[in-house]
Amino acid sequence: MADYDLAIIGGGLNGVSIARDAAGRGLRVILLEQGDLGAGASSASPRLIHGDLAGLERRHFLRVRSALAERDVWLRIAPHLVRPMRFAIPAHSDERPAWQLRSWLLLYDRLASRNDLPASATVDVTHHPVGNALKRPFGTAFEYSDCVVDDSRLVVLTAVDAAARGAVIRTGARCTRAERGKEWRLATKDRGFRQIVTARAVANATGAWTSSVAETVLRVPPPKVAAVQMDQIVVRRLFDSDNVYVFQNSDGQLIFASPYERDFTLIGTVSHAFKGDPAIVAMAAGDVAYLCDAANRYFRERIETVDVVRTLSGANMVPASAGGRHQRDGAITLDHGRGKAPLLNIFGGDVTTSRLRAERAVSKLTPFYPMSARWTAKAPLPGGDFAWDRFDNEVDEVRDRWRFLGEDQARRLVAAYGSNAKVILGDAKARSDLGPAFGPELTAAEVRYLMQKEWARFPDDVLWRRTKLGLTMQPADRDALAAFMAATTLELRCVAR
């Protein structure tokens with residue numbers, strides 16, 4: 001008998017979403033990730049949960065409607081990670097006419113399956129807060145509702161939920177070889193130790209490594225894919241409002257500028273074909289300049305390339321036949337035959353449709369073994385056991401109980417952990433009860449939680465994926481964090497023995 005029903009290679013959003021779905025349907029699941037969860041393209045997404053307004057221009061009405069339905073699902077199951085926001089499109093006479101934008105937004109409202117979020121509206125930017133950051137030539141803007149998401153936290157909490165439902169999550173575990181018969185026999189190198197794992201089926205969810213893993217590890221013909229690179233920049237905050245701005249660039253592309261980690265603005269996205277090592281994805285200077293120029297066309301406060309504090313880049317695979325048209329859908333293929341254990345390939349796609357994509361992928365395995373019904377649309381992610389419109393109430397409850405926390409600190413904890421922030425804070429009566437501090441916000445209690453419950457192993461796992469505190473942490477605090485994590489790793493190993 002095989003050790004597992006399903007072995008998943010790859011711990012990005014597609015991989016962890018399959019693990020969560022399959023474990024919740026009663027399958028024995030193991031996930032193997034050679035590095036950290038969400039360390040690839042899953043940490044370089046535009047951080048949007050949206051219906052894709054531009055899809056209306058391409059007449060993808062059913063896709064937009066399906067994505068808007070998924071937007072509602074995410075609000076319900078991840079209210080701490082997914083936040084509704086107002087998106088603003090300044091009208092520009094040189095680009096799409098105002099009547100066209102207004103028509104799109106009216107249709108966008110109609111395609112939404114529920115009316116909990118405010119409908120679109122036309123605003124006079126000369127007398128509206130949305131116009132404070134804009135140049136004077138823009139007299140009109142259009143507002144509509146969509147959501148932003150913490151993409152890295154979404155990956156990690158999906159894995160946490162998968163583990164809670166029985167999935168085995170192994171980070172730092174590389175699959176080096178696979179033999180295929182009536183079941184799969186996988187050779188793994190797990191933190192220096194070699195192991196053999198057997199599974200009735202395998203899912204290749206390795207993102208930009210899809211083709212190379214298929215050829216060199218699984219030894220099967222690779223799916224027809226094309227590599228795409230996505231780039232964004234982070235600059236100091238350019239506006240005080242909580243809006244997300246949508247710019248019509250001179251080449252027809254839509255560029256987003258979003259509030260990012262309180263003190264910053266995220267601007268993106270540039271996409272283009274990618275060639276090279278997916279582990280080394282760097283943003284070209286021309287793309288940095290492109291996004292700066294796009295922002296400078298609209299914002300009063302000018303930015304230069306030297307103002308960029310961080311670039312976010314990732315490579316992913318999309319179906320080669322799509323030609324870039326349906327990249328948000330991704331692709332799912334199933335390879336099986338007489339005497340051959342099933343192989344599931346899943347690659348590409350955006351954050352909004354990830355849950356649905358995983359649901360469809362796991363459902364393809366139903367002919368091979370029994371499983372329970374689809375369930376992920378109704379079950380909240382860890383910490384998400386409250387209504388999305390009660391987020392501020394959760395923050396207030398945390399501040400009432402732990403009075404030493406400031407507003408920003410409480411809000412960050414609830415946004416990252418939801419109701420599980422209370423597990424980190426425990427019985428603390430003062431900040432000192434949470435252990436040593438690494439900068440103004442990160443404490444030993446939070447770091448221990450991330451190491452014990454969320455597979456954080458190295459400082460970058462904490463600073464750039466579980467949190468974004470790497471944007472502001474000073475070198476001395478980074479060094480102290482590294483020393484603390486090294487000591488804690490040794491301590492945990494001793495306890496395990």
Side-chain angles (χ1 to χ4, degrees), residues 35-39 43-44 47 150-153 155-156 232-240 258-268 280-283 288 292 301 303-314 395 398-399 402-417 421 424-426 428 430-492:
D36 185 30
L37 298 172
S43 294
R47 294 168 61 99
D150 188 330
D151 48 1
S152 300
R153 293 296 305 160
V155 173
V156 172
Q232 299 165 94
I233 60 174
V234 179
V235 298
R236 293 288 174 181
R237 187 148 188 174
L238 298 176
F239 49 90
D240 294 328
S258 309
Y260 186 72
E261 301 301 315
R262 293 200 305 262
D263 299 324
F264 300 89
T265 298
L266 179 70
I267 304 173
I280 307 173
V281 186
M283 188 172 183
V288 174
C292 288
E301 185 174 344
I303 57 172
E304 306 294 343
T305 56
V306 295
D307 298 317
V308 175
V309 298
R310 184 171 173 80
T311 62
L312 300 177
S313 298
V395 174
V398 167
R399 291 202 69 195
W402 292 277
R403 295 184 178 275
F404 58 86
L405 291 175
E407 171 74 21
D408 287 344
Q409 293 172 319
R411 189 167 291 274
R412 183 187 72 81
L413 289 171
V414 174
Y417 306 101
I424 296 172
L425 296 168
R431 183 184 170 90
S432 58
D433 294 335
L434 299 175
F438 312 100
E441 295 200 47
L442 189 63
T443 65
E446 184 174 355
V447 176
R448 280 183 174 276
Y449 178 89
L450 293 174
M451 295 180 71
Q452 293 177 314
K453 304 294 184 182
E454 296 191 1
W455 305 280
R457 294 185 294 150
F458 305 110
D460 277 1
D461 301 344
V462 173
L463 296 178
W464 297 114
R465 286 178 286 279
R466 279 44 172 205
T467 76
K468 298 296 187 294
L469 294 176
L471 286 165
T472 55
M473 185 171 287
Q474 298 301 310
D477 291 317
R478 291 172 186 264
D479 293 342
L481 173 64
F484 175 81
M485 292 185 70
T488 302
T489 297
L490 290 175
E491 175 188 325
L492 293 175

Among all residues two or more places apart in sequence or in another chain, which pass the side chain to side chain contact (heavy atoms under 4.5 Å, CB included) test with Gln474?
Asp477
Under the side-chain contact (heavy atoms from CB on, under 4.5 Å) criterion, do Thr488 and Val447 qualify, and how do the steps go?
CA-CA 9 Å; Thr488 302; Val447 176; over 6 Å; no
Check side chain to side chain donor-acceptor pair (under 3.5 Å) between Ser258 and all other residues, then give those that pass, not counting sequence neighbours.
none
Between Leu471 and Tyr260, is the side-chain contact (heavy atoms from CB on, under 4.5 Å) condition met? List the steps.
CA-CA 10 Å; Leu471 286 165; Tyr260 186 72; 3.6 Å; yes
Looking at CZ of Phe404 and CG of Leu434, how far apart are the two atoms once the value is rounded to the nearest 0.5 Å?
4.5 Å
How far apart are the closest heavy atoms of Gln452 and Leu492, and which atoms are they?
NE2-CD2, 3.5 Å
Residues two or more places apart in sequence or in another chain: which of them pass salt bridge (charged side-chain N to carboxylate O under 4.0 Å, His left out) with Arg153?
Glu454
Interatomic distance, Glu261 atom CD to Leu266 atom CG [nearest 0.5 angstrom]:
10.0 Å
Smallest heavy-atom separation, Arg431 atom then Pro440 atom, equals NH2-O, 3.0 Å
Is the shortest heavy-atom distance from the side chain of Asp461 to the side chain of Leu450 under 4.5 Å?
no
Just so I know, are the side chains of Ile303 and Ile267 near enough to count as touching, which here means a heavy-atom distance under 4.5 Å?
yes
Non-neighbouring partners of Thr305 that pass side chain to side chain contact (heavy atoms under 4.5 Å, CB included), sequence neighbours left out:
Val288, Ala289, Cys292
Residue pairs fulfilling salt bridge (Lys or Arg N to Asp or Glu O under 4.0 Å) with at least one residue in residues 406-417, sequence neighbours excluded
Arg262-Asp408, Asp392-Arg411, Arg399-Glu407, Glu407-Arg411, Arg412-Glu441, Arg412-Glu446
So, using side chain to side chain contact (heavy atoms under 4.5 Å, CB included) as the criterion, who are the partners of Ser313 when residues are at least two apart?
Gln229, Asp231, Val281, Met283
Does Pro459 reach the side chain of Arg478, with side-chain heavy atoms less than 4.5 Å apart?
no
Check: Leu442 and Arg466 side chains under 4.5 Å, non-hydrogen atoms
no
Point-to-point distance, once rounded to the nearest 0.5 Å, from CD of Glu301 to OG1 of Thr265:
8.5 Å
Mind jotting down which residue pairs meet the ring-ring contact (aromatic ring centres under 6.0 Å, His included) criterion with at least one end in residues 444-463? Sequence neighbours excluded, please.
Tyr417-Tyr449
Here the pair of heavy atoms bringing Ala39 nearest to Arg465 is CA-CD, 3.8 Å
So which atom in Leu312 and which in Ala44 form the shortest heavy-atom distance, rounded to 0.1 Å?
C-CB, 4.3 Å
Determine whether Arg310 and Phe264 make a side-chain contact, defined as any pair of heavy atoms from C-beta on separated by less than 4.5 Å.
no
If we ignore hydrogens and angles and just use 3.5 Å, is the side chain of Asp479 paired with the main-chain N or O of Ala476 as donor and acceptor?
no
Non-hydrogen atoms of Ala421 and Val414 that approach each other most closely:
CB-N, 4.5 Å
Please enumerate all residues that pass side chain to side chain contact (heavy atoms under 4.5 Å, CB included) together with Ala487, with sequence neighbours excluded.
none
Ion pair present between Arg448 and Glu491, side-chain N to carboxylate O less than 4.0 angstrom?
yes
Go through the steps to decide whether Leu413 and Leu405 satisfy the test side-chain contact (heavy atoms from CB on, under 4.5 Å), and finish with yes or no.
CA-CA 10 Å; Leu413 289 171; Leu405 291 175; 4.2 Å; yes
Heavy-atom nearest pair, Gly35 first then Arg457, reads O-NH2, 3.5 Å
Is it true that Lys468 and Asp263 make a salt bridge, defined as a side-chain N closer than 4.0 Å to a carboxylate O?
no
Filter on ring-ring contact (aromatic ring centres under 6.0 Å, His included), then keep only pairs touching residues 459-489, sequence neighbours left out; what's left?
Phe438-Phe484
For Asp151, the side chain to side chain donor-acceptor pair (under 3.5 Å) test, sequence neighbours excluded, returns Ser45
Got a sec, which residues hit side chain to side chain donor-acceptor pair (under 3.5 Å) with Glu304, two or more places apart in sequence or on another chain?
Arg302
